[in-house]
Amino acid sequence: MENLKVIGSEEWCIFEEFGIPAIKARVDSGAKTSSIQANNIKIIHRGTEEWVRFEVNPVQDNRSIFITCETRLYDKRLVKSSSGISEQRYVIKSPVTIGDQTFEIELTLANRDAMEFRMLLGREALMNRYIVNPSTTYVETSFTQEEVSKRYAPFIKEKSGLKIALLASNPELYSNKRVIEAGIARGHEMVFLNVEQAYMKLDAIEPEIRYRGGNIIDEFDAIIPRIKPSVTFYACALIRQFDSMGAYCLNSAEAITQSRDKLLATQLFAKHDIHIPITGFAKSPLDTKDLIKMVNGAPLIIKLLESTQGKGVVLAETNKAAESVINAFKSVQTNILVQEFIKEANGQDIRCFVVNGKVVASMQRQAAKGEFRANIHQGGTASKIKITSEERKLAIKAAKILNLPVAGVDIIRSNKGPLLLEVNSSPGLEGIENATGLDIANIMIEAIEKKLKFKI
């Protein structure tokens, strides 16, 4: 006991074998084996031996610095994570330097992106060497931020950008072209990925996404999803896969799914005290008359649960017409929402473009003559508008409820004040960029840089 050194609850580790000059570790005597953050884990064969190649992002919240490591595979082990889930992990052995001591430890390779520390130092590494004093940190070595930056300076490529994928269906769409252009203009590598030409391998050890007949997709720093409704299910599966492989997704699969389900989204808005037009939902045709009465009668709006760009939205001008349309939809097992018609809006609505909790642009859309839908795709015209503070708060809150970093929030002005119509998780850029003169695509790329702490 007298020969044991004191170690803090957090310590700096050095792995000379891998060229890792400093990695912050959490000291956890409750965990048996030590663990290090690893991405892109691949098994390679050297003669009769199995080796493992992996990448380490040693600096928290910085994907632009990565170190490729190779070593002999020591073991494969079933390990229970802190969340209680068992998973198979690769185990390696490597000398580690802590302060003035260098010794060999076992390390499991794990994705620790969600953890505060890139490394965990377990009790096997501590035994017969250290006593842990949980009230202190960095007893053995205390690097300043300047010293850490100096150590990682050789790994920072000058003017190197992020690798960003735009996950969509049509590279020729205005919005998709603008996002690609904006990313390239800011020095990033931009790749267009067609949703329907990508496929995935689900595996705890080596998850993969492949493209067009077998090409393995390299790791991306970020994914920008711009998903058309018809591929929502498959695209969201891909987004979850990219997320599990360590890419930052600008709009998560869960958020997109919620926004596309108009009934769920409307229920969430109502639950969080957001004012919406009175909305009804029913299954049986026997309830149609009362459903119409419940939303203040005709004229009223009938919406398909999954609709965008104004498609699947019908105005029924009389109660009889409303009954006919509602029952027709129900007869073909189609789910619809019935919503009160806000006559005083006079065919106008407001689109607020929200990025990371801020309204970065707003436009007013005016429906074409004889049309009630103000969508640009339905012939509506757009103009710049100054929104009220109440409308701004409504737009920000709506995007936040659905956890959407990027959202197009549609608001209508009524005699009761601003009402939320819906939230779009893949808002178009053409109308709002033309109406406001703002470079929204650039703002979206900047949002990714901010999230990943990337500086040009």
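Here the structure is a predicted model, which is why all the values come from computation and not from measurement.
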Is it the case that [X] and [Y] place a side-chain donor and acceptor less than 3.5 Å from each other?
X      : Y      : answer
Ser383 : Gln364 : no
Thr279 : Gln339 : yes
Arg226 : Asn176 : yes

Going by the rule salt bridge (charged side-chain N to carboxylate O under 4.0 Å, His left out), which residues pair with Lys150 if we only count those two or more places apart in sequence or in a different chain?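 None.
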Does the distance from a Lys or Arg side-chain N to an Asp or Glu carboxylate O, for [X] and [Y], drop under 4.0 Å?
X      : Y      : result
Arg46  : Glu70  : yes
Glu208 : Arg210 : yes
Arg260 : Glu422 : no
Glu181 : Arg178 : yes
Arg240 : Glu254 : no
Arg186 : Glu449 : yes
Asp349 : Arg365 : yes

Non-neighbouring partners of Asn251 that pass side-chain hydrogen bond (donor to acceptor under 3.5 Å, both in side chains), sequence neighbours left out: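 Asn251 satisfies side-chain hydrogen bond (donor to acceptor under 3.5 Å, both in side chains) with no residue once adjacent residues are dropped.
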For the residue pair [X] and [Y], what are the closest heavy atoms and their distance?
X      : Y      : answer
Ala298 : Ala316 : CB-O, 4.0 Å
Thr68  : Glu55  : OG1-CG, 3.8 Å
Gly428 : Arg351 : N-NH1, 4.3 Å

Just checking Lys32: does its NZ atom have more than 12 heavy atoms from other residues, nucleotides or ligands closer to it than 6.0 angstrom?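 Count not over threshold, so no.
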Student check: side-chain heavy atoms of Lys384 and Met363 closer than 4.5 Å: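 A side-chain contact under 4.5 Å is absent here.
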